[in-house]
Number of protein chains: 2
Amino acid sequence: MRIGELSRRTGVPARLLRYYEEQRLLHPERGGNGYRSYPESAVAQVQQIRGLLDSGLTTGMIHAILPYLCGTGRLVPAPESVPVETAALLQGHIDRIQARIDCLARNRDRLTAYLAAVRTEGR
Amino acid sequence: MRIGELSRRTGVPARLLRYYEEQRLLHPERGGNGYRSYPESAVAQVQQIRGLLDSGLTTGMIHAILPYLCGTGRLVPAPESVPVETAALLQGHIDRIQARIDCLARNRDRLTAYLAAVRTEGR
DNA sequence: CTTGACCTTCACACTGATGTGAGGCTTCGA
DNA sequence: TCGAAGCCTCACATCAGTGTGAAGGTCAAG
């Protein structure tokens, strides 16, 4: 599929799809006319990239782990050699994500408690 | 306390403490010499701000919810003086925080599953 | 053949959070 | 009193993400 369709199906502006390619996160083929040509799996891949970016990974780190990911996070055929340091990096990031979740949940609870007070006491 | 001490005690560069003030997240007093003067409670408050920023909230959103997060030594608006529309805004913020938590949890699970697969399959 | 939609690259600019440095004032200790 | 350390403001830089526009190639439908 071409970039316009991928953009529509993922909700990601074509501009960003080109940007991700520049960051080596996507590797579309090129037709004879120079147009980018994405495989069907690119839809899932773009969504995954977005999710990872949104949870705070840098494009660099995503680039490091992407070879071992396919659309839904399943294993690529033969990833015998995931560098140990990459795995450690990943674990560190998982820990940081958890810390963020804890922080947000804590503050969500505070706001919720406050709101409850407003609603019962308000009248 | 002055900005240098607050910086040392929080590990946050003075530059950022000034930035947070510009974003109306901190409100230090000024001495006759123009130096910023922070209360003891600023330490906890800065840590709170950092946690929220690191969790992906913008300074704007933090500014909106900070007054309602007690436990940071700030004055909390009395619940009975809070108009209904503010309550609605607050609920919106809570919803956004929840959405962010969901997003982070999803990605944490993906990464965890992936890492587990790599570790068992690796050898 | 023309029009319009879609694609290409290039490039400039803004935002938010942060880094860095210049130029100058204040405070403090030897 | 002098120098160092700390503070001030101002301003430019970076990085990821995004918007916009120019100038042009490709292609299908009318």
Side-chain angles (χ1 to χ4, degrees), chain A residues 1-39 42-43 45-66 93 96-97 99-100 103-104, chain B residues 1-39 42-43 45-66 93 96-97 100 103-104 107:
Chain A
M1 103 195 59
R2 289 180 309 184
I3 200 170
E5 186 183 345
L6 182 57
S7 172
R8 272 189 303 276
R9 288 176 57 183
T10 58
V12 176
R15 172 77 173 80
L16 282 192
L17 297 177
R18 297 194 185 99
Y19 174 69
Y20 296 154
E21 179 180 355
E22 190 186 308
Q23 302 299 307
R24 298 174 305 166
L25 305 183
L26 293 175
H27 309 278
E29 292 177 357
R30 297 294 181 123
N33 51 12
Y35 287 12
R36 291 168 177 82
S37 172
Y38 298 90
V43 174
Q45 192 145 9
V46 167
Q47 280 158 354
Q48 178 151 53
I49 290 170
R50 296 257 34 173
L52 293 173
L53 274 178
D54 201 50
S55 58
L57 267 77
T58 64
T59 52
M61 200 177 315
I62 296 174
H63 176 252
I65 68 171
L66 210 54
H93 195 76
R96 279 205 299 285
I97 291 178
R100 290 179 184 140
C103 173
L104 290 175
Chain B
M1 110 192 54
R2 290 182 308 185
I3 201 170
E5 186 183 343
L6 182 58
S7 172
R8 273 189 303 277
R9 287 176 59 185
T10 58
V12 176
R15 168 72 174 87
L16 284 190
L17 297 177
R18 298 195 184 99
Y19 174 68
Y20 297 156
E21 178 181 354
E22 192 186 308
Q23 301 300 308
R24 297 172 307 165
L25 304 183
L26 294 174
H27 310 280
E29 292 178 355
R30 295 295 181 122
N33 51 14
Y35 285 14
R36 291 168 177 84
S37 173
Y38 297 89
V43 174
Q45 190 144 10
V46 167
Q47 280 158 355
Q48 169 78 287
I49 291 170
R50 294 269 15 178
L52 293 172
L53 269 179
D54 192 57
S55 303
L57 271 56
T58 65
T59 52
M61 177 137 173
I62 296 173
H63 175 254
I65 65 175
L66 207 52
H93 289 315
R96 270 193 291 281
I97 290 176
R100 176 101 187 122
C103 169
L104 289 174
N107 283 291

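The chains referred to below are lettered A, B, ... by the order of the sequence lines, with proteins before strands, and numbering in each begins at 1.
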Decide yes or no on side chain to side chain contact (heavy atoms under 4.5 Å, CB included) for Leu66(B) and Gln45(B), but give the supporting numbers first. CA-CA 9 Å; Leu66(B) 207 52; Gln45(B) 190 144 10; 3.6 Å; yes
Ile3(B) and Ala14(B) have their tightest heavy-atom pair at CD1-O, 3.7 Å
Check the pair Val46(A) / Tyr38(A) against side chain to side chain contact (heavy atoms under 4.5 Å, CB included), numbers first and verdict last. CA-CA 11 Å; Val46(A) 167; Tyr38(A) 298 90; over 6 Å; no
Just the rounded figure in Å: distance from P of dA11(C) to CD of Glu22(A). 12 Å
Please report the shortest heavy-atom distance between Leu26(A) and Leu17(A), naming the atom on each side. CD1-O, 3.9 Å
Nearest whole angstrom, please: distance from the C1' of dA17(C) to the CG of Leu52(B). 15 Å
For Leu17(A) and dC7(C), give me the distance from atom CG to atom C1', rounded to whole Å. 13 Å
Within the 4.0 Å limit for protein heavy atoms, which parts of nucleotides 4-17 of chain D are touched? Write it as a string from 5' to 3', B for base, S for sugar-phosphate only, - for none. --BSSB-B----SS
Of all the heavy-atom pairs spanning Gln47(A) and Arg9(A), show the shortest one and how long it is. NE2-O, 4.2 Å
